[in-house]
Undergrad: 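Sharing a structure below in structure tokens format, with a few things to ask.
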Amino acid sequence: MRKRSRREQHMSGGDRPRRTSGERKGSGRKSSERGSGTATADRPTRERPGTDRPAGRGDAGRGDRVRRPKREVRRSTVPTRRKAMVRRSVAVSVVVGLVVIVAAVLWTPLLGVRAVQVSGVRQLTADQVIAAAQVPDGTSMLRLDIAAIEHRVHQLPRVGTVRVVRGWPSTVRIDITERDPVGYVVEADGNHLVDRTGRDYATIVAKPPGLPRIVLTDVTPGDQRTQAVVAVLGALPTPLRPLVLTVSARTPGSVTLGLTGGRTVRWGSTDDSARKAAVLAALMTRPGKVYDVSSPELPTVS
């Protein structure tokens, strides 16, 4: 074949459709859009601070430069000066109010003592107990020393137990239990009553009816013979007590009772006192002068 001349090649090239300037620009734009789309798929789209719109094409030309986020303007949570002053004033008022209330309760007659009530007296009088208690009139109920009042009342010889309570709003109640005598001791100044603890707590002129005479050289709560005697007197059954005239003991284990009609009971020690009392009640049905229950397993009558 013959070679085509340059003119023919040029003419054949002219048959191809020429692209207009607009088409060339469009194709370049599409190419850039495809390129930018690929970059967007590989790298997350950055968002501008302060807006929800993702960065567009206008940002692509600015490279990887990151803008500093704008500082958000927040409302201040600090209370205003006026609110702070109001709160401080309220707090001071509350504290002052509490101080005033406490001072009124403790140091004024608002809750002061106005009355004293006494219960449980028999031989004593209420005035005697109130005088011994020395409860200051008008003193705040909260400032009362209950233990000190009980101690002063307990100093009365006839008082066995004492209990002091506050009766709000302004009354003090004193409840006492007087001592009960189990026997008496004859002394030069009269007859001394002795309770179940062995304490000599009162002196009377006349002989107390229905009580046995305690025949001991020394009657005190710390004496062992005294403790043995009062323990036996406390264990006696009620029907036998009026029959007992005297009680004595040479030792703590040799208590002896003197009964009416010249009869004698050898009690012995304080061991098994309840059983000895039951055995003695049965033996008293038999005639005799001496009843020995010191050994309750082998009682004797002679």
Side-chain angles (χ1 to χ4, degrees), residues 99-227 229-231 233-234 236 238 241-242 244 247:
V99 172
V100 171
I101 292 174
V102 172
V105 171
L106 293 179
W107 305 104
T108 67
L110 182 63
L111 291 178
V113 178
R114 294 184 177 86
V116 179
Q117 296 179 355
V118 179
S119 61
V121 292
R122 292 178 302 180
Q123 301 298 323
L124 293 172
T125 64
D127 292 338
Q128 289 175 318
V129 175
I130 292 174
Q134 300 178 14
V135 180
D137 189 27
T139 302
S140 172
M141 296 282 286
L142 295 177
R143 293 175 54 214
L144 282 178
D145 191 342
I146 299 298
I149 296 174
E150 291 178 346
H151 177 73
R152 290 192 291 266
V153 174
H154 203 269
Q155 296 306 306
L156 293 172
R158 286 185 176 272
V159 175
T161 61
V162 57
R163 181 170 177 263
V164 178
V165 296
R166 296 179 178 90
W168 299 99
S170 59
T171 302
V172 176
R173 296 189 177 92
I174 303 176
D175 185 15
I176 69 169
T177 302
E178 292 191 18
R179 299 180 185 274
D180 291 319
V182 296
Y184 69 96
V185 179
V186 178
E187 299 288 350
D189 58 346
N191 301 302
H192 293 238
L193 300 178
V194 179
D195 70 350
R196 59 184 179 85
T197 67
R199 179 175 178 178
D200 175 1
Y201 68 91
T203 302
I204 59 176
V205 177
K207 176 183 175 180
L211 292 179
R213 177 184 174 182
I214 299 175
V215 183
L216 294 175
T217 56
D218 184 27
V219 178
T220 59
D223 181 57
Q224 293 183 353
R225 295 184 304 165
T226 302
Q227 291 299 319
V229 165
V230 297
L233 291 176
L236 287 176
T238 303
R241 290 180 183 180
V244 180
V247 57

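All residue numbers in this chain count up from 1 along the given sequence.
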Undergrad: Looking at every heavy atom in both Gly112 and Ser170, which two are closest together, and how far apart are they?
TA: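 In this case the closest contact between Gly112 and Ser170 is O-CB, 3.1 Å.
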Undergrad: Could you list the residues that satisfy side chain to side chain contact (heavy atoms under 4.5 Å, CB included) with Gln123, not counting sequence neighbours?
TA: Arg158, Glu178
Undergrad: By side-chain hydrogen bond (donor to acceptor under 3.5 Å, both in side chains), which residues pair with Thr171, not counting sequence neighbours?
TA: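 side-chain hydrogen bond (donor to acceptor under 3.5 Å, both in side chains) list for Thr171, sorted by chain: empty.
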Undergrad: Tell me, please, which residues at least two apart from Arg122 pass side-chain hydrogen bond (donor to acceptor under 3.5 Å, both in side chains).
TA: Asp180
Undergrad: Donor-acceptor pairs are to be reported for all side-chain atoms of residues 201-218 against protein atoms at under 3.5 Å, with residues two or more places apart or in another chain.
TA:
residue	atom	partner	partner atom	Å
Thr203	OG1	His192	ND1	3.4
Thr217	OG1	Arg225	NH2	3.0

Undergrad: Tell me, please, which residues at least two apart from Asp200 pass salt bridge (charged side-chain N to carboxylate O under 4.0 Å, His left out).
TA: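 Not a single residue meets the salt bridge (charged side-chain N to carboxylate O under 4.0 Å, His left out) criterion with Asp200.
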Undergrad: Got a donor-acceptor contact below 3.5 angstrom from the Gln227 side chain to the Thr197 backbone?
TA: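 Indeed, once roles are kept as given, a pair shorter than 3.5 Å links the two residues.
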Undergrad: Any sub-3.5 Å donor-acceptor pair from Arg166's side-chain atoms to Met141's backbone N or O?
TA: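 Yes, because the side chain of Arg166 sits within donor-acceptor range (under 3.5 Å) of the backbone of Met141.
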Undergrad: Mark yes when over 12 heavy atoms from residues, nucleotides or ligands other than Glu187 sit less than 6.0 Å from its CD; otherwise mark no.
TA: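 Yes - once you tally the heavy atoms of other residues, nucleotides and ligands closer than 6.0 Å, there are more than 12.
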Undergrad: For Asp175, give me all partners under side-chain hydrogen bond (donor to acceptor under 3.5 Å, both in side chains), at least two apart in sequence or on another chain.
TA: Ser119
Undergrad: Considering all heavy atoms of both residues, which atom of Val182 and which atom of Leu233 are nearest to each other, and what is their separation?
TA: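 That closest heavy-atom pairing would be O-CD1, 3.5 Å.
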Undergrad: Who pairs with Arg179 by salt bridge (charged side-chain N to carboxylate O under 4.0 Å, His left out), at least two apart in sequence or on another chain?
TA: Asp195
Undergrad: Taking atom NE2 of His154 as the centre, does the number of heavy atoms from other residues, nucleotides or ligands within less than 6.0 Å exceed 12?
TA: yes
Undergrad: Run the side-chain hydrogen bond (donor to acceptor under 3.5 Å, both in side chains) test against Thr161 and tell me which residues pass, sequence neighbours left out.
TA: Thr177
Undergrad: Tabulate below the donor-acceptor pairs under 3.5 Å that side-chain atoms of residues 125-135 make, not counting sequence neighbours, or state none.
TA:
residue	atom	partner	partner atom	Å
Thr125	OG1	Gln128	N	3.2
Thr125	OG1	Gln128	OE1	3.4
Gln128	OE1	Thr125	N	3.0

Undergrad: Report the C-alpha distance between Arg152 and Ile149 in whole Å, list the side-chain angles of each, state the deciding distance to 0.1 Å, and finish with yes or no for side-chain contact (heavy atoms from CB on, under 4.5 Å).
TA: CA-CA 5 Å; Arg152 290 192 291 266; Ile149 296 174; 3.4 Å; yes
Undergrad: Considering all heavy atoms of both residues, which atom of Gly198 and which atom of Val219 are nearest to each other, and what is their separation?
TA: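 Taking Gly198 first and Val219 second, the nearest heavy atoms are O-CG1, 4.0 Å.
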